[in-house]
Each structure stands twice: as C-alpha cells, then as structure tokens.
Amino acid sequence: MSQVTEVILKDGSVREFSGKVTALDVAREISGRLAKEVITARVNGKLYDINRPLPAKAELELLTFDDPEARDIYRHSTAHVMAQAVKELFPGTKLAIGPAIQDGFYYDFDMERPLSSEDLEKIEQRMQELVGQDIEFERMVMSRQEAVEMFRKLGEDYKIELIEQLPEEEEISCYRKGDFIDLCSGPHVGRSSRIRAFKLTSVAGAYWRGSEENAMLQRVYGTVFAKKSQLEEHLEMLEEAKKRDHRRLGKDLDLFSISEDAPGMPTLHPNGVVIWNELLKLWREEHDKDCYREIRTPLILDKRLWEQSGHWENFRENMYTTEVDEKTFCLKPMNCPGAMLYYQTNHYSYRDLPLRTAELGLVHRHELSGVLHGLLRVRAFTQDDAHIFMLPEQIGQEVGKVIDLVDRMYKVFGLEYRVELSTQPEKSMGTKEQWDNAIAALEKVLEEKQIPYKLNPGDGAFYGPKIDFHILDCLKRSWQCSTIQLDFQLPERFDLTYIGEDGQKHRPVTVHRVVYGAVERFMGILIEHFAGAFPTWLAPVQVKLLPIADRHHDYCHKLQHKLTEAGVRAVVDDRNEKVGYKIRQAQTEKVPYMLVAGDKEVEDGTVSLRTRGEGDKGSTDFAGFLEMIALEISQRSL
RNA sequence: GCCGACGUAGCUCAAUUGGCAGAGCAGCUGACUUGUAAUCAGCAGGCUAUCGGUUCAAGUCCGAUCGUCGGCUCCA
C-alpha cells in the first residue's frame, strides 16, 4: 500500500503525492525558481527542514530569504558551516553556541590560540569549499543519553552542558553534515550549496554564557545573504554608517574631543556648545509648559547621604569618591539625593503636589574602561533630570504627562523610538507588593495611551520599575535615552512627607525621569541621525557669507551684522581665497546656507544663495532670505 | 575589568630584512583679486603614546603601563 501525502498550500489549493515527499519536492512541482529559493517550510505551524519527509497531512508554507524566520535559519546554517570549517582547520576546537543575529551570525569556539584576521580568511575559504561540496544537512533525533555519549566522545563539553540544561520533555536533535555533527534544534537549509553570499566580519573574545566568571571564548562574526548583491549592499551600508559615526563627525566638525587624560569625559568645543545650548533652550521651553521648576544641587555630597539613599550599598562600584577633612565624599552618580534634600527644606500640603523639580545635573559614573564609546557611553554626563513628588493617586496622570513630553520633544528631531517596561531586578529594595503595584501603575498608563512596549523582566533599577525609550543609531544599535522610573524607596529613606486633607502626614511617591537621558549621548545620536548636517536651528554656523573679492568684504560684514541682530549665526569667510574654495569648505562644514556676494550683488543689494542640499539657487533678495531663515529657525524645521 | 587589534605632525596616512622619520591636507608668509566643491610658490611643523629592555643601531624586536577601536545581551 503506497502512502499518500496530502499537501495544502497557502493559497488553499490541495495537492496529493504518493510516497515520501519533502517540502523541496513540493517546491519543485510549483516552480524551479521557488525550489532554488526556498529555505525552510512551515508545516502545520512548525518549521521543517525542506529535506525532511512531510507528515500524511501537511498544511505547507514555503519560506524564502524574505521571511524573517527563514532568514535566521539561513544565517544559523551558515554558522554551522563555519563551525565545520573551524573544526577542520583547527582540530581540538570545542564548539559553544552559534546563533543567528541581526544581519548575520556568530559562533563561539574554545580553542588553544586566539584567531587572527588571516585565520578568518582561511576559514572563509574553507567554508567556500564546504558550500561547494553541497553536503546534506541530515537531521538525527536521539535520546538524551545517546547524545551525551556521542558528544563526550567528540570532546564537546559545552554541548553536554547545553543538553543537560535542556528541559526534560525537549526532543534532542543533531545535524550531520559529512563528518561534522552539531547539536541543533533546527531546522536547517537542507544542503550546504544553498548558502551563497557570506563574509566573516570580525573576531572577538566573548565569555561562555556572557559571564565574566566563565571561560573566554573566540567569537567569530559573519554576515550572510541569499544573493551576492544583497551582501554587497550590506557591506556598503556599513561603510556609509562609518561615515556617520559621531566620533568621526565630532572631529571633522570640531564639535567635541575626548582626551586621554579624561577617558570617557568629553570636552565640548564651541561648535558643540552651540548645539548643546540649543538643546537646552528647547528643553527649558518645553519644561516650562509643563510647570517644572529648575534646581541645581551639589556635585559632591557626604558619603553619609549616599548611605541613606541606598546608593552606597547598591551603586558603590560605579562611584568616584574623595577624602576631604577626614570625611569621604562621593561625586554624584545620580541627582536624586540632591533633589530629596531640596524637598526636605520645606513643608508641603497635598495642594502643593505634584511638585516637579527639574535639574540639569552633571553626574559621574565609573564605567568599565572597555565599554566607553564616544559620546554614547561616557563616564561623565549631564542628565536632564527631574523628580516629581506626588500623591499616589497622581501616578497615572504624571507618568502620562512625561510620556507626552518625551513624544513631543523627540518629534522635533524626527526620531523614532521603542518603549520598554522593566520590572524588579534581583538586587532591589522594597517589598514585592510595592513593586507589583508600581509595575501595574506603569502598565496601565502605557495601555491607556496605546503605546506598544516590550517587557524586560528583571531589568528595573534597584529602587523601582521603569519605562525606557530607546533610539537606534546609524548602525541600528539601540541606545536608551529617556527613562521614567517610579520610586517608592527614596521618599521612605528620606522620610519625605506632605500633609493630607485629613491633616495627617503622608508619604509622597517620586518619579525620576529624563527626556534626553544624557545630553551628551543625545547629541551623539543626533550627530549620527543627521549625519552632521544639522537642521538650521541646531547648526553651529547657519549662514556663511562668501565675498568674491576684497572689495566685497564690507558689504558681507554689513549683512552679517543684520543676520546676527536677527539672532542668526552667521560668519564671513573673508580669507584671500577663490569662491570655489570657500564653498568647498562651507560644504564640508555642512553649513546650511551660503551667501555669495560680488559686484552684481553689491550693486543690486541682493545675495547669491546656495544651500547645503541643493546647491546654487541664484540671486535672492536679502530681506526675503532673512525672513525665511528666521522663520525656519523659530519653527525648528527639519 | 576580560579577549584581540591598534597608537608616527592639528588631520589622513607612508617609512624594505632593524640602518638618516616622509607626503597630502590644515597652518604661517608672499604673489594673484578671484563667480558656485580645492590658485601658485615658499616656510614651518616630531622625545614615533609613556616607561624599561635587547642591539653597533629600534617607529620597527621584547616587556610593562596608559589610551583608542571591535566584542563580552542574542542560547542547541
């Protein structure tokens, strides 16, 4: 009796096959092209190898590289080919893990000596050969014991550790490619020849399971695509991203520098300070609208205070200290204790709340040297902080107002963001009940505002849960900017009170929140976001006046004066150079507007306008230009 | 902090097996008086990150320190 397989395709059509049939067979039936491109199949809702026989009744969906799940399988299979190549080239290498990641994959290896970039080339070459051999990825299911024994024989200690930690009911599967066997839930791409355009990009150390306690492994990163053109496009994109790197642009545009003598503590140059001041101007305008009151608290405070706040216990390894008069003082890593001291200087009625105190506070945190990264990860930074003291029933309203403020301000820059909610970490203060209430309050606000968010269990601050706003940089790395953190602990520790309607003392709730996060980091993100071509309102120099010859200098200086009076940042390039040269420099400085003036313009009282983006715009009436640019600046147009 | 790579003029980069540290741009001086992305000529610019070692000789080789860069979250 021959077995019949009934296949239901995505469009609802039904096909019948006799005997063993695989997803690849079905794809071949449909079209030769699909057979070439199919990577994996969804069979009755489960992902299947395309060379795995289908069950008697199969609802089948064929997935190609365009599908995100198939893409990850493709990447993961490439990681396996790489592992095979490494094991062949470096016998004795132990395999750890090799997952798919954004744009590619990696594999961690435990090996005798570190890999060099020449090794990467060799590995890549060997991979090319393996792919060319067109070996089948063969799925093997085995018992837990069989698997452990097999990997013990192979000396794959990490695989044994992984198996032992898999849940009891989990099926143990391996994949064999020629002589190479790896533990893997699959599925894979069927045959190695399906893997086409790959490149190994870097090698780095990485700890087994990400913990410093464990062995340091060699991690090889790679990227892979279904088509060569896609790979090339991706590599070009990375090159492009490098040009946007804020560290490169910070130097080119003379915005900031970081001295070897102050690692992680940036020095802002005059151009950077212009941007800084504009950011703070916007910030103050928007905060005034929401009735924040700005305060300033000390940089250095007695250790006693940090013991009271709980920072000494929970944050000590990140704090700088100094001895003065036989007392220990700490350089503030956060602004909250200062804000608490301010609250304590007065008595409050429930009518005084919410009290919104804002502070642009410079904080220092001793981050590990290896994590420093331009302006994006620093040791000294200015938080655009605020502490809101409120009645417990005001939480929803106040957090909602902050969310609106963040959204309003990010829109000015055209930045997109993702929201995350983080809950109670292992190391934390307060009771489970307090935490649960706080988390519930935050969830409620997000849901009421219909904001999609990702849950980060255990990622909250030690004093309370938080809502984070993440912005992506040019390399799609995610950076936390705004954060809204509930805190039931500090009011307790500092014994903050207000007098309620009942005439009794009550405990206020505190929200810590930042919008930019760190002003330095936000600037770094903006530099990359705009690739240094800032919108006019942020541009360090908004207009450059370019006289053609010496006799036009006076005219240009007169116009510069008018621009400056109107609040426009304008400079005259009165060096003894040709206009082409001056234009070239203004362009590389990414100045939004250039005004060229020669005999004709002086005579007519006009200017010849050139914009950064569109080039020569021809003769323009100066008064009209002034009006236009003043409006553009005041509206903070993008 | 850990793993790896790197550190030469303000910037970008050269310098053969260890054999006199060099170029372009920027800067300064002068000439040219300039019309939409680089005018020409000249001058100056350095304790090769720091400290120590090997050597007749070190930018180059060895060791340490400091810093920078890429990773150290993605679970078979």
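Residue numbers start from 1 in every chain, and the chains themselves are labelled A, B, ... in the order their sequence lines are given, proteins ahead of strands. On a predicted model such as this, the values are computed, not experimentally measured, just so you know.
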R610(A) side chain near G35(B) phosphate (N/O to OP1/OP2, under 4.0 Å) | no

Close aromatic pair by centroid cut-off 6.0 Å: F225(A) and F198(A) | no

Touch check for E170(A), heavy atoms < 4.0 angstrom, all strands: base, sugar-phosphate only, or nothing?
-> base

Compare side-chain N and O positions of S369(A) against OP1 and OP2 of G1(B) and report whether any pair is under 4.0 Å apart.
-> yes

Please figure out whether G374(A) or R248(A) has its closest RNA chain B nucleotide nearer the 5' end.
-> R248(A)

With distance as the sole criterion, is a donor-acceptor pair present between the side chains of S211(A) and E213(A) under 3.5 Å?
-> no

Any R247(A) side-chain nitrogen or oxygen under 4.0 Å from OP1 or OP2 of G70(B) = yes

Among the nucleotides U33(B), C11(B), G1(B), whichever has the atom closest to the side chain of K251(A) is C11(B)

Go through the steps to decide whether E614(A) and K617(A) satisfy the test salt bridge (charged side-chain N to carboxylate O under 4.0 Å, His left out), and finish with yes or no.
-> CA-CA 8 Å; E614(A) 295 174 78; K617(A) 307 283 278 181; 3.2 Å; yes

Check: F109(A) ring centroid to Y107(A) ring centroid under 6.0 Å = yes

Report the residue (L372(A) or G618(A)) whose heavy-atom-nearest nucleotide on RNA chain B is the more 5′ of the two.
-> G618(A)

Give, ordered by number, those residues of residues 591-599 of chain A having at least one heavy-atom distance below 4.0 Å to an atom of RNA chain B; if nothing qualifies, reply none.
-> V596(A), G598(A), D599(A)

L253(A) atom CG is separated from C11(B) atom P, nearest whole Å, by 15 Å

Return the polar atom pairs (N/O with N/O) between nucleotides 3-7 of chain B and the protein under 3.5 Å, or none.
from: C3(B); atom 1: O2; to: G205(A); atom 2: N; distance (Å): 3.3

Determine the contact category for Y221(A): base if any of its heavy atoms lies under 4.0 Å from a base atom, sugar-phosphate if only primed atoms, P, OP1 or OP2 are that close, otherwise nothing.
-> sugar-phosphate

Hey, does the side chain of H373(A) come within less than 4.0 Å of G70(B)'s phosphate (OP1/OP2), counting only N and O?
-> yes

Looking only at A38(B), C75(B), G1(B), the nucleotide nearest the P99(A) side chain is C75(B)

Under 4.0 Å between a side-chain N or O of Y581(A) and OP1 or OP2 of C40(B)?
-> no

Think R52(A) forms a cation-pi with Y48(A), using NZ or CZ under 6.0 Å from the six-ring centre and within 45 degrees of its axis?
-> yes

From G27(B), U68(B), A76(B), nucleotide with atom closest to R575(A) side chain = G27(B)

In whole angstrom, give the distance that lies between atom CG of L200(A) and atom C1' of G71(B).
-> 15 Å

Within 6.0 angstrom of E161(A) CD, more than 12 heavy atoms from elsewhere | yes

Just need the stems in RNA chain B: three or more back-to-back Watson-Crick or G-U pairs, each with both distances under 3.5 angstrom, sorted by first number.
-> B:1-7 with B:66-72, B:10-13 with B:22-25, B:27-31 with B:39-43, B:49-53 with B:61-65

R219(A) has a side chain; which of G67(B), A76(B), C72(B) sits nearest to it?
-> C72(B)

So H246(A) and F256(A), would you call those rings parallel, tilted or perpendicular, with 30° and 60° as cut-offs?
-> parallel

So is R219(A) actually on top of Y106(A)'s ring, under 6.0 Å and inside 45° of the axis?
-> yes

Around E317(A), counting heavy atoms of other residues, nucleotides and ligands shown, do more than 12 lie under 6.0 Å from its CD?
-> yes

Determine the Euclidean distance between corresponding P atoms of C28(B) and C66(B); express it in Å to zero decimal places.
-> 38 Å

Does Y207(A) put a side-chain nitrogen or oxygen below 4.0 Å from OP1 or OP2 of C74(B)?
-> no

Please determine, by modelled atom types, if T223(A) and D103(A) share a side-chain donor-acceptor pair under 3.5 angstrom.
-> no

Give a yes or no answer on whether the side chain of N51(A) reaches the backbone of F137(A) with a donor-acceptor pair at less than 3.5 Å.
-> yes

Checking C74(B), C72(B), U39(B) against the side chain of V371(A) (C-beta onward), the nearest is C72(B)

Quiz item: E601(A) side-chain donor-acceptor pair to G35(B) base, under 3.5 Å | yes

C1' spacing across the pair C6(B) / U65(B), given as an integer number of angstrom | 16 Å

